[in-house]
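When reading the values below, keep in mind they use all heavy atoms of this one structure, side chains included, and skip hydrogens, waters and symmetry mates.
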Number of protein chains: 2
Amino acid sequence: MTRLHAGNPLSDSPDPVRAMLDSMAAWTGAPENEAQCPVRDVLDRVGQKWTLLILVALEPAPKRFSQLQRQVGDISKRMLTQTLRQLERDGLVSRQVFPTKPPSVEYALTGLGRSALAPIGALLVWADSNHGAIRASRAAFDAEEVA
Amino acid sequence: MTRLHAGNPLSDSPDPVRAMLDSMAAWTGAPENEAQCPVRDVLDRVGQKWTLLILVALEPAPKRFSQLQRQVGDISKRMLTQTLRQLERDGLVSRQVFPTKPPSVEYALTGLGRSALAPIGALLVWADSNHGAIRASRAAFDAEEVA
DNA sequence: GATAGGTGGTCTATTTATGAGACCATATCT
DNA sequence: AGATATGGTCTCATAAATAGACCACCTATC
């Protein structure tokens, strides 16, 4: 991870990342065909409050519906259901019903879902190591505002 | 990038990422002190429709307000203003006013902002290479639903 | 000299997303 | 009988995002 903190972090990044960002910046624009733009498509999912949190929660092991709800804590059943359905539809999570009484349902990451956790993890590592700087910047900004 | 596609992508990931995910999964739970949890904090930002898109748009070069709006395309002025203010407060973007007539305002990535683009770029690369699989999964899911 | 266009925004009204919580059928334990 | 757990759905209220009018200012065009 040291590379991420030295010099210009971007020019230190693997080529594909830099190239992707450059080419991507070119077509950030409004997509005529929504589904055709991978960036928008994935970013829309990512930009849904619970998606990443649930993927991370499923990483250590598969979990049942109410286990998930207890772990995430402040998610409503409604949003949990909705988010899980979407993730299942996208193929990131699998859903398996067991004929217990009452029936229990187990959610697990698929291979695709697991592969998503690599970039997501990188983002969280960044978040963790830069959280201090962000909080400091906010404090400074707010201090100026008041003045 | 080959490593990301072979076997279990997670166990191939650098240790810090795996460790982060594991420790993170433990405290996905509702934070008593919101600001204390880096995950929630950053994920809340990331989980805001335009944040990432704007960061990516600023990567190639600093841009003015209306340049940004034109490039992103379907963002409203209101959301653009709001998102830029947040990013400025968080220290990811800098705002500089030039005394032209009418005055123009230039937004640029700070060092912190640039450092964020490394993990974000990784996410976009993932999005791009797995978009096909996701679309296929959706098609299959929807086909079952109807049946 | 009126008109259209560009600058960076703010403000209001409407649509969309999220949240809180009741409700359901079934079965187990107390 | 009454409480607890299973995985949801449903309705209603609140929070967030969107479109689009509006503003003050200046320039170039007609």
### Task
Would you classify B:Y107 as touching base, sugar-phosphate or nothing, given that sugar-phosphate means primed atoms plus P, OP1 and OP2, and contacts are heavy atoms under 4.0 Å?
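Sugar-phosphate contact only - B:Y107 comes under 4.0 Å of backbone atoms but never of a base.
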
Nearest-angstrom distance from the residue atom [atom1] of [X] to [atom2] of [N]:
X	N	atom1	atom2	answer
A:K101	D:dG7	NZ	C1'	16 Å
B:L80	D:dG20	CG	P	17 Å
A:R45	C:dA17	CZ	P	11 Å
A:F65	D:dA5	CZ	C1'	13 Å
B:Q67	C:dT7	CD	C1'	12 Å
B:Q69	D:dG20	CD	C1'	11 Å
A:L84	D:dT9	CG	P	11 Å

#### Entry: Distance below 4.0 Å between B:R85 side-chain N/O and C:dG8 OP1 or OP2
no

### Query
Hey, does the side chain of B:R70 come within less than 4.0 Å of C:dT7's phosphate (OP1/OP2), counting only N and O?
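Yes, within the criterion.
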
### Message
With rounding to the nearest 0.5 angstrom, report the CE to CD distance, B:M79 to B:Q69.
### Response
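Going from the CE atom of B:M79 to the CD atom of B:Q69 covers 12.5 Å.
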
### Query
What distance do A:L84 atom CG and A:L68 atom CG have between them, rounded to the nearest 0.5 Å?
6.0 Å

### Query
Counting side-chain heavy atoms from CB outward, which of D:dT6, C:dT10, C:dT7 is closest to A:S66?
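The answer is D:dT6.
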
### Query
Which residue, B:I120, B:L52, B:T51, B:D41, forms the side chain to side chain contact (heavy atoms under 4.5 Å, CB included) with B:V46?
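With B:V46 as partner, side chain to side chain contact (heavy atoms under 4.5 Å, CB included) holds for just one option, B:L52.
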
Quick test: give all pairs of protein nitrogen or oxygen and nucleotides 18-25 of chain C nitrogen or oxygen below 3.5 Å, distance rounded to 0.1 Å.
residue: C:dG19; atom: OP1; partner: A:K49; partner atom: NZ; Å: 3.2
residue: C:dG19; atom: OP2; partner: A:W50; partner atom: NE1; Å: 2.6
residue: C:dG19; atom: O6; partner: A:R78; partner atom: NE; Å: 3.3

### Task
Give the intermediate values and the outcome of side chain to side chain donor-acceptor pair (under 3.5 Å) for residues A:Q48 and A:Q82.
CA-CA 11 Å; A:Q48 264 167 286; A:Q82 194 176 108; 5.0 Å; no

### Query
What heavy-atom pair brings A:S94 and A:T110 nearest, and what distance separates the two atoms?
N-CG2, 3.8 Å

### Message
Please determine whether residues B:Y107 and B:V97 belong to a single hydrophobic cluster, defined as Ile, Leu, Val, Met, Phe, Trp and Tyr linked transitively by side-chain heavy-atom distances below 4.5 Å.
### Response
yes

#### Entry: Trace of the side-chain contact (heavy atoms from CB on, under 4.5 Å) decision for A:V42 with B:L124
CA-CA 8 Å; A:V42 171; B:L124 296 187; 6.0 Å; no

